[in-house]
Amino acid sequence: MKEKVWEILQNACALREDISETSELKMLSLDSLSFVSAVVELEEVFGISFDIDESGLFAWKTAGDVLDAVKEKINAKI
């Protein structure tokens, strides 16, 4: 799961980025539109849904926060 989340975030970046759990989203080459696109892809790939207020570029600080949010949504479905 982690690798897929990283892949989606990397594909949304304008530049090639090495992403880890501590990568700060604001330091990556993401703009708001590409980030929203990544969130939509996360929703589609993992069969989850984020509320608008919990999925903005500044709602999560790090890539690890995004991963944790995906895990929480998946666990909530169970």
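Numbering starts at 1 and runs along the sequence shown. Nothing here was measured: the structure is a model prediction, and the numbers come from that model.
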- Query: Going through the distances and angles, do Val5 and Phe46 end up as a side chain to side chain contact (heavy atoms under 4.5 Å, CB included)?
  - Reply: CA-CA 10 Å; Val5 171; Phe46 294 106; 3.9 Å; yes
- Taking only residues two or more places apart in sequence, or in another chain, which ones meet Ser29 in a side-chain hydrogen bond (donor to acceptor under 3.5 Å, both in side chains)? Glu17
Please round to the nearest 0.5 Å and tell me the distance separating atom [atom1] of [X] and atom [atom2] of [Y].
X: Ser23; Y: Asp65; atom1: OG; atom2: CG; value: 11.0 Å
X: Leu30; Y: Gln10; atom1: CG; atom2: CD; value: 10.5 Å
X: Asp18; Y: Cys13; atom1: CG; atom2: SG; value: 10.5 Å
X: Thr22; Y: Met27; atom1: OG1; atom2: CE; value: 12.0 Å
X: Arg16; Y: Asn11; atom1: CZ; atom2: CG; value: 9.0 Å
X: Lys2; Y: Ile19; atom1: NZ; atom2: CD1; value: 12.5 Å

- Sequence-distant partners of Glu41, side chain to side chain contact (heavy atoms under 4.5 Å, CB included), two or more places apart: Ile8, Val45
- Note on the structure: Nearest heavy-atom approach of Trp6 to Ala63 is CZ3-O, 3.4 Å
- Item | Heavy-atom pair of closest approach, residues Ala12 and Ala38 | CB-CB, 3.8 Å
- Do the non-hydrogen side-chain atoms of Thr62 and Glu21 ever get within less than 4.5 Å of each other? no
- Item | side-chain contact (heavy atoms from CB on, under 4.5 Å) partner of Phe35, chosen from Leu33, Asp31, Val39 | Val39
